[in-house]
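Report on the structure given below.
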Amino acid sequence: MIVHQHGIVIATVARRPDEITCDDLRAFLSGFVRAIDMTQLFEPIAIKGKFGFTGIVGIVTSHIAFHYFDEGQTLHFDVYSCKSYHLRAVLRQLDAFWRVESADVLLIQRDTGPSVRRFRYASGDLKEIS
């Protein structure tokens, strides 16, 4: 069954810019794809830009992309897929690599309305906000 699930995470992370390489980010994206049970469509791309890092990987059902800003150690992370995935698995993987301090999370179900659910993530705990 086709769904249209879009997870958006905006997080403050403990991983510092000097702890990040483009090779590490490409490996992170490939591992992330496997961890949420998706199929990689093309090799991940990660680049260092003026304000931080940007990365993207295509998955058979859509894409995963991020922007990491050196200033404030802020991560903006998107997972869009026509195959369902578990939001907790997304946050576990993000936390394992980026060491998430706190995050605001939106889960948009575009196939049902759309409907939007909002969450807060901190200390390994994901809580829905009404």
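Not measured: the values here are computed from a predicted model.
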- [ ] Take L41 and I59 through the side-chain contact (heavy atoms from CB on, under 4.5 Å) test and state the conclusion after the steps.
- [x] CA-CA 5 Å; L41 186 59; I59 53 177; 5.5 Å; no

TODO: Give a yes or no on whether a salt bridge exists between D125 and K127, defined as a side-chain N under 4.0 angstrom from a carboxylate O.
DONE: yes

- [ ] Drop me the distance from H6's NE2 to L106's CG, to the nearest 0.5 angstrom.
- [x] 9.0 Å

Task: R120, CZ: over 12 other non-hydrogen atoms inside 6.0 angstrom - done: yes

Task: N-O pairing of R92 and D95 below 4.0 Å - done: no

Open item on the list: Pairing donors with acceptors under 3.5 angstrom, does anything connect the side chains of T12 and Q73?
Closed with: no

TODO: Kindly state whether the ring of F69 and the ring of F51 have centres lying under 6.0 angstrom apart.
DONE: no

- [ ] Look up atom NE2 in H4 and atom CG in D111, then write down how far apart they are to the nearest 0.5 Å.
- [x] 6.0 Å

Task: F32/F66 aromatic ring centres below 6.0 Å - done: no

TODO: Nearest 0.5 Å please: distance from the OG atom of S84 over to the CD atom of Q109.
DONE: 6.5 Å

Task: Enclosure of E71 CD (heavy-atom neighbours >12, cutoff 6.0 Å) - done: no

TODO: Would you check if the side chain of Q5 reaches a backbone N or O of C82 as a donor-acceptor pair within less than 3.5 Å?
DONE: no

Task: Nearest heavy-atom neighbours spanning Y85 and G7 - done: OH-N, 2.7 Å

Open item on the list: Counting C-beta onward and ignoring hydrogens, is there a side-chain heavy-atom pair between L94 and L75 closer than 4.5 Å?
Closed with: yes

- [ ] Determine whether L126 and V90 fall in the same hydrophobic cluster, where Ile, Leu, Val, Met, Phe, Trp and Tyr are linked whenever their side-chain heavy atoms lie under 4.5 Å apart.
- [x] yes

Open item on the list: Quick check on the hydrophobic clustering: are I56 and V79 connected, directly or via other members, by side-chain heavy-atom contacts under 4.5 Å?
Closed with: no

Task: Straight-line distance of T21 OG1 to F28 CZ, nearest 0.5 Å - done: 13.0 Å

Task: D70: which of R16, K50, K48 passes salt bridge (charged side-chain N to carboxylate O under 4.0 Å, His left out) - done: K48

TODO: Treating Ile, Leu, Val, Met, Phe, Trp and Tyr as nodes and any side-chain heavy-atom pair under 4.5 angstrom as an edge, say whether I64 and F97 lie in one connected cluster.
DONE: yes

Open item on the list: Just verifying a value: how many Å separate Q40 CD and S30 OG, rounded to the nearest 0.5 Å?
Closed with: 3.5 Å

- [ ] Run the numbers on I108 and S115 for side-chain contact (heavy atoms from CB on, under 4.5 Å), then give the verdict.
- [x] CA-CA 6 Å; I108 303 167; S115 67; over 6 Å; no

TODO: Give the minimum heavy-atom separation between A35 and Q93, together with the two atoms involved.
DONE: CB-CD, 3.3 Å

- [ ] Could you give me the CA-CA distance, side-chain angles and deciding distance for L87 and V105, then say whether side-chain contact (heavy atoms from CB on, under 4.5 Å) is met?
- [x] CA-CA 9 Å; L87 194 55; V105 183; 3.9 Å; yes

Task: Presence of salt bridge, D37 and K83, under 4.0 angstrom - done: yes

Open item on the list: If only side-chain N and O atoms count, and only distance matters, is there a donor-acceptor pair under 3.5 Å linking Y121 with D104?
Closed with: no

Open item on the list: Go through it in stages, so that I can follow the logic: the residues are H76 and Y68, the test is side chain to side chain donor-acceptor pair (under 3.5 Å), and I'd like the CA-CA distance, side-chain angles, deciding distance and then a yes or no.
Closed with: CA-CA 6 Å; H76 295 213; Y68 169 84; over 6 Å; no

- [ ] Provide the closest heavy-atom pair for P17 versus F53 in the form atom of the first, atom of the second, distance.
- [x] O-CE1, 4.3 Å

Task: Residues R15 and E101 bridged, charged N to O under 4.0 Å - done: no

Task: CD1-CZ distance between I47 and R26, expressed to the nearest 0.5 angstrom - done: 10.5 Å

Open item on the list: Could you report the tightest heavy-atom contact between I129 and F119, atom names first, then the distance?
Closed with: CD1-C, 3.8 Å

Open item on the list: Between R118 and E128, does any NZ, NE, NH1 or NH2 come within less than 4.0 Å of an OD or OE carboxylate oxygen?
Closed with: no

Task: H63, NE2: over 12 other non-hydrogen atoms inside 6.0 angstrom - done: yes

TODO: Begin with the C-alpha distance, continue with both residues' side-chain angles, and end with the deciding distance and a verdict on side-chain contact (heavy atoms from CB on, under 4.5 Å) for T54 and H67.
DONE: CA-CA 4 Å; T54 295; H67 304 282; 3.1 Å; yes

